[in-house]
Student: 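My questions will all concern the structure given below.
Small disclaimer: the values here were computed from a predicted structure and weren't measured.
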Amino acid sequence: MSHAAAGVEAAESERLLVGLNPAQVEAVTAPDQPVLVLAGAGSGKTRVLTHRIAHLIATGRARQDSILAVTFTNKAAREMRSRLSTLLGGEPQGMWLGTFHACSARMLRLRGELVGVPRDFVIYDEADRTSVIKEAMRRGGVDEKRTSASTVAAEISRAKNDLQSAEIYGARAQGYVEPQVARVFPHYELILEENRALDFDDLLLRAVRLLEASQEAREGFRARFGHVLVDEYQDTNRAQYMLLRLLVEEHHRVTVVGDPDQSVYSWRGADIRNILEFQRDYPDALVIPLEQNYRSTAAILRAAGAVIQENSLRVEKSLWTDGPEGAPVTVAQFYDEREEATAVAREILALVDRGEVDLGDVAVLYRTNAQSRSFEEILLRAGIPYRLVGGLRFYQRKEVKDVLAYLRLLAYHQDRVAFERVVNVPKRGIGAHSLQQLVAAAQDQGTPFWDLLADPARAGVRGQAAAGLARFATTLEEVSEWGQSWPLVQVFDRLVEVVGYRSYVRDGSPEGEERWANVMELRGLAAEQGDLPTLDALPAFLEQAALAGDVDQLEDGARAVTLITLHQVKGLEFPVVFVSGVEEGLLPHSRSLDTVAEMEEERRLLYVGMTRAKRLLYLSHCFQRHLYGSPKAAIPSRFLGALGPGGAVARWGSTPVAGTARPYVAPVATHGQPAPLMRARQFVTDRAVAPGRAVIAEQRFRAGDRVEHARFGKGSIVLSEMATGGEEVVIDFDTSGRRRFAVTDAVLRKLG
């Protein structure tokens, strides 16, 4: 290399280090050996990954096309690609950058035939998989009333993530559920094979099998990828772990970035040991902790650190910031989930009115999807726009799935799941009985079902159903012929016309126009495939649709409050965060009380939620919560016990967190002018409460209030007064007469 070229290379290398802190510089410039970057929340891990990739290229240690960078969401992949484009001065050329599933699918498209995976395989999403599971249960003689399809699907998914075949799973099956699943598993695999389909878990499993079984594929991919970088390594399962080991087994040029404190996906197979034991797998590994946080205030970091410090399965590190101290974290208690949602809505409006935030700056987090209902109802009434993450996704909407099913049939006529979805949409006079006859005849005759459509009489189908089947097949064959030369968007337009889907959706109703708008949105995505012939463009297009996740569809800059579960919020950040339902049975969840490992994951989940907040963080719990249709007493989460006295936490409410503080004297709200909800107030510590001092809770009811009691029904408050032990009320019940209660003991819900 000439002196001039060396000088340019050195200058470019230095440019990529500008603005990085010392730990980040160490990670970016680390030598060609295993590197574990322990990246705490908000410590700039994406920046480290992208700058390391650019540095490898700038210093001549790697070509762009010799790098494999793996992320966990398409959103993260897009962000990384965008940053790399800026650093490299153009779109990365030849680099593989995507999710584990997307990269595995790409490997299988290229070399999957070596282990029996067809190049034109389709990817079944969750809805498709459920449909196949139910058919496999019928074939296996398993009663869906005794063993649910969701249970079977979860078990098969777990087995595949552990790299178990149907045969291995069956040999190890124990108890009641596993033998039932073992009867379904082989039929499920056979149906997938009949439809040339893979499910999500197959993408990883088959990619591992490809590298294990084929020396040609293994050596080819190892030679191709001289450097492998993995984001969110703490969330890898066994299949992902093995895929990585097989790719880097010889050269060990692997960089993984992750944080054991944010490992929250064990329920889908993630194994925290993969990151905790990285040095066991790679004894020469360089371990670099990133502890400087660029996201949250000092108060938020201190509170989150106190929570996670209670865990034992972790690598010790302490996040710090040179940013502002910030407002105290607010811990709030409310009567029930309705009051909780009302308080959140009121606080959001107050923040917006003061000009402190926009609606898009706010996120409400919760442990279970069911908790979103009260927030949706209250936000809707208050006229506050919101976006619900984890609701009905775009790609799961009926009209979108219908059109995708038609497109899948263009790519592969034998996709029976797609066929059964749309063969009678719009109506063609083809009933369920006719379809059963067709499928049964195809199986009996050993003939692909599509081949029987030209002559349905061979399957015993006659009349209107036979005519409908024949027309359907003829139409799809014609569209397939256009797809050999026409671009995807043109075939898309022609398809929705000739099958009658446009007129079917646009039925003159407002809902019909909304459904058609979704079809047009899908058309826009099809147009992005350019002029490539349809049959060449379809695999990538369908793969993109199948692998899209909830978070991938979040629009940056949307002027709406985000409602999202704690599991889905990982990787995101918001100026203002409300974590609701921090209660025993919810967080930690009742299903996670059996083992220390499960309990520690629940604590990590709260930690993840807390560290999403940049400026303001609110934690709330209720006195009672309606679960499964009935009110139940709620107990503050044990995790709140870590937020002890010290001035970093403010409290609102009348019930203390066990072990942290006693109740403070709360002001009584003036009638007609209730005290603002979610106001941050300093709590009184044990030392500050004088012995024998009377403690007065806040008065919640007044005469005339309509209330509902869990046992005695609806009634009206006659009298409310404050006693030494708290508020007492006298209620005239509509059907149960007059009764007196201590509010702390009675399960009362305010109406209206």
Side-chain angles (χ1 to χ4, degrees), residues 70-74 76 98-105 107-108 123-126 129-130 133 149-166 168-170 172-174 177-178 181-182 184-185 188-189 192 198-212 230-247 256 258-278 281 313 390 546-547 549-551 565-568 570-571 589 591-592 594-602 604-605 608:
V70 188
T71 66
F72 264 78
T73 67
N74 294 313
T99 65
F100 265 107
H101 290 87
C103 291
S104 296
M107 288 182 181
L108 293 172
I123 302 172
Y124 277 1
D125 64 14
E126 293 301 308
R129 181 171 72 169
T130 300
I133 288 284
S150 60
T151 297
V152 175
E155 273 296 296
I156 291 177
S157 177
R158 181 181 63 81
K160 289 187 176 183
N161 284 328
D162 286 340
L163 302 178
Q164 294 182 26
S165 65
I168 293 175
Y169 182 88
R172 298 176 179 176
Q174 297 178 342
V177 172
E178 290 181 4
V181 175
V184 178
F185 205 159
Y188 175 71
E189 295 290 84
L192 289 179
L198 302 180
D199 61 23
F200 285 171
D201 303 312
D202 279 325
L203 297 175
L204 302 175
L205 171 64
R206 298 297 185 92
V208 171
R209 294 289 181 251
L210 171 64
L211 297 180
E212 288 177 333
V230 182
D231 192 12
E232 305 284 12
Y233 188 64
Q234 77 279 349
D235 291 329
T236 51
N237 58 31
R238 175 166 175 76
Q240 291 159 337
Y241 168 83
M242 285 302 301
L243 186 66
L244 180 65
R245 287 296 303 270
L246 287 164
L247 286 172
V256 301
D259 180 8
D261 290 340
Q262 297 184 69
S263 178
V264 294
Y265 291 123
S266 67
W267 52 276
R268 68 181 189 194
D271 191 341
I272 193 173
R273 292 175 299 178
N274 291 349
I275 190 168
L276 293 176
E277 299 176 359
F278 185 81
D281 296 331
L313 288 173
L547 296 178
D550 293 323
V551 175
T565 68
L566 286 160
H567 279 106
Q568 292 167 319
K570 216 161 75 80
H589 197 279
R591 292 195 302 265
S592 304
D594 295 337
T595 68
V596 171
E598 290 175 326
M599 183 62 66
E600 292 203 351
E601 177 155 331
E602 292 291 300
R604 291 194 294 268
L605 199 54
V608 165

Student: How far does CD1 of I275 sit from CD of Q262, to the nearest 0.5 angstrom?
Tutor: 10.0 Å
Student: So do the side chains of R604 and E601 get within less than 4.5 Å of each other, counting heavy atoms only?
Tutor: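 When only atoms from C-beta onward are counted, E601 and R604 do touch, with a gap below 4.5 Å.
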Student: Taking all heavy atoms of V177 and all of T151, pick out the closest pair and write down the distance.
Tutor: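 Closest approach of V177 to T151, heavy atoms only: CG1-CG2, 3.8 Å.
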Student: Under the ring-ring contact (aromatic ring centres under 6.0 Å, His included) rule, collect the residues that match up with F72, sequence neighbours excluded.
Tutor: F100
Student: Rounded to the nearest 0.5 Å, what's the gap from CG on D231 to OG1 on T236? Could you check?
Tutor: 11.5 Å
Student: What pair of heavy atoms forms the shortest contact from T71 to A76, and how long is it?
Tutor: CB-CB, 4.1 Å
Student: Could you measure the distance from the OG atom of S157 to the CD atom of E155? Nearest 0.5 Å is fine.
Tutor: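 Separation between the atoms: 9.5 Å.
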Student: Counting C-beta onward and ignoring hydrogens, is there a side-chain heavy-atom pair between L246 and E212 closer than 4.5 Å?
Tutor: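 Sidechains of E212 and L246: in contact.
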Student: Report yes if the side chains of D199 and K160 come closer than 4.5 Å at any heavy-atom pair, otherwise no.
Tutor: yes
Student: Could you tell me the separation between the CG atom of N274 and the CG atom of D281, rounded to the nearest 0.5 Å?
Tutor: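 Between atom CG of N274 and atom CG of D281 there are 7.5 Å.
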Student: With F185, which residues qualify under ring-ring contact (aromatic ring centres under 6.0 Å, His included), at least two apart?
Tutor: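 Testing F185 for ring-ring contact (aromatic ring centres under 6.0 Å, His included), a comparison that skips the adjacent residues, returns Y169.
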Student: Near R158 CZ, under 6.0 Å, is it more than 12 heavy atoms from other residues, nucleotides or ligands?
Tutor: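 Yes.
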Student: So, the side chain of Y265 versus the backbone of Q234: is there a donor-acceptor pair under 3.5 Å, distance only?
Tutor: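 No: the side chain of Y265 does not pair with the backbone of Q234.
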Student: Between D201 and R129, does any side-chain N to carboxylate O distance fall below 4.0 Å?
Tutor: yes
Student: How long is the span from the CZ atom in R206 to the CE atom in M107, to the nearest 0.5 Å?
Tutor: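 That separation rounds to 16.0 Å.
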Student: Considering non-hydrogen atoms only, spot the tightest contact between A239 and V208 and give its length.
Tutor: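 The answer is O-CG2, 3.3 Å.
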Student: Once rounded to the nearest 0.5 Å, what's the spacing between atom CD of E602 and atom OG of S266?
Tutor: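 Result: 8.5 Å between the selected atoms.
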